[in-house]
Amino acid sequence: MSKYWNIKTQGIEPYVAGEQPKDGQRVIKLNTNENPYAPSPAIKEVLKNFDIDTLRLYPDTNSTVFIDAVASVYGVSRENVFAGNGSDEVLAICWQALFEKMGNTDKKVLMPDISYSFYPVYSSFYDVAPEKVPLREGFTVDPDDYCGKECAGIAIANPNAPTSKAITLDEIEKILKANPDVPVIIDEAYAAYAEDYESAATLIGKYKNLVVVRTMSKSYGLAGIRLGYAIADEEIITGLRKVRDSFNSYPVDRLTQRIGAAAMLDRENFEKNRLAVIKTRKFITEELRKVGFDIPDSSANFIFAKPPKSIDAETLYKNLKAKGILVRYFNKPVINEYLRITIGTDEEMKEFLEAVLKEI
Ligand code: PMP
């Protein structure tokens, strides 16, 4: 192999995704925060009526049918919405479009020290300097830690991952007000599961520096189609489109645009599945706490759970895996004492609980 391309990729430390079982393998999959329930039944109609002849043609670059559905749900205009191939891609484009590179600035992008592990990967890949802000006691993001500091921008997952804890809309506003000149990304991948939280998208129009990133993967049960979106001021959206068009003008295919629109407009299915997950989350949190697990109050479709003293997180992860139950274990300081457990169906969580009770 040529030594040249080796050199180019040598320093890259990519994101490591949660494991995916092979097709047909029976596992209880509680490791990548997917939705245990089926997506909108309206998708069946989309598939039935889809004209395959249209696949000859490239898709609409802006995904208008989808962004119009998003705009109607959030009460914004289509100029405020950007769609991409999963919110991972939307975030990657945000990093490139919005955060000043090292060399151009000595300011850094503030982000919690424990958060979505893709953020440091984007930062290093796109030459943006991250400043990791330590979480407070109990994995709390303290808005004051993001105010009054010179920075090149801010990125916060709300609820945070893998800790599952959320900050309030008032706290987000405080951060936005204190940083009017830099982009503030609020990654709401799991926000549908925060009970008393309205999306920060309700602040669009008030703050030009706000970028809300959301995904169809979790609360719409559509991880398999790859569709995410950003809601922001028109000027920011124009910037995101420029980066997209310097890279791949057609990130969302024709079928995905239609599926996404149908799912977005089916508020009933969204609401039903969201509430079911929240109910199961309460059940499993209570049951695990009864037997000594330490679990912060979750606002997400997963819990972050520290096993009782009788067993450490890594051993429990391995033992569950041997029984066909996948949860996520992060071999990193502090969080290596915890497991991130996705909320499955009631039946899955009961089976999971039974297996856990035999281990502790
Ligand atoms: N943000 C956070 C905090 C996540 O946990 C994930 C899922 N791994 C994503 C964004 C990306 O989701 P997707 O690319 O499936 O839209």
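Remember, it's a predicted structure, so these values are computed and weren't measured experimentally. For the numbers below, each heavy atom of this structure counts, side chains included, while hydrogens, waters and symmetry mates do not. We count ligands from 1, going down the list as the structure has it; atoms in each ligand are counted the same way.
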> Sub-3.5 Å donor-acceptor pair from the side chain of Asp266 to the main-chain atoms of Asn269, do we have one?
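Checking the backbone N and O of Asn269 against the side chain of Asp266, a donor-acceptor pair under 3.5 Å is found.
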> Output, in order, the C-alpha distance, side-chain angles, deciding distance and verdict of side-chain contact (heavy atoms from CB on, under 4.5 Å) for Ile341 and Phe352.
CA-CA 10 Å; Ile341 303 155; Phe352 160 79; 3.6 Å; yes
> Scan Lys323, Arg26, Lys29 and name whichever one has a salt bridge (charged side-chain N to carboxylate O under 4.0 Å, His left out) with Glu351.
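For Glu351, the salt bridge (charged side-chain N to carboxylate O under 4.0 Å, His left out) test succeeds with only one of Lys323, Arg26, Lys29, which is Arg26.
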> Quick one: do Phe82 and Ile236 satisfy side-chain contact (heavy atoms from CB on, under 4.5 Å)? Show the steps, please.
CA-CA 10 Å; Phe82 175 84; Ile236 286 188; over 6 Å; no
> My understanding is that only one of Lys279, Arg274, Lys282 makes a salt bridge (charged side-chain N to carboxylate O under 4.0 Å, His left out) with Glu195; could you say which?
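Result for salt bridge (charged side-chain N to carboxylate O under 4.0 Å, His left out) with Glu195: Lys282.
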> Do side-chain atoms of Asp187 reach the backbone of Ile156 as a donor and acceptor pair under 3.5 angstrom?
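It does not hold such a pair.
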> Please tabulate, one line per pair, the protein nitrogen or oxygen atoms found under 3.5 angstrom from a nitrogen or oxygen of ligand 1, with distances to 0.1 Å, or say none if there are no such pairs.
unit_1, atom_1, unit_2, atom_2, d
ligand 1, 1 (N), Asp187, OD1, 3.3
ligand 1, 1 (N), Asp187, OD2, 2.6
ligand 1, 5 (O), Tyr190, OH, 2.6
ligand 1, 8 (N), Tyr116, OH, 3.1
ligand 1, 12 (O), Ser87, OG, 3.1
ligand 1, 14 (O), Ser87, N, 3.3
ligand 1, 14 (O), Asp88, N, 2.9
ligand 1, 14 (O), Asp88, OD2, 3.3
ligand 1, 14 (O), Arg226, NH2, 2.7
ligand 1, 15 (O), Ser217, OG, 2.6
ligand 1, 15 (O), Arg226, NH1, 2.8
ligand 1, 16 (O), Ser87, N, 2.6
ligand 1, 16 (O), Ser87, OG, 2.7
ligand 1, 16 (O), Thr215, OG1, 2.6
ligand 1, 16 (O), Ser217, OG, 3.4

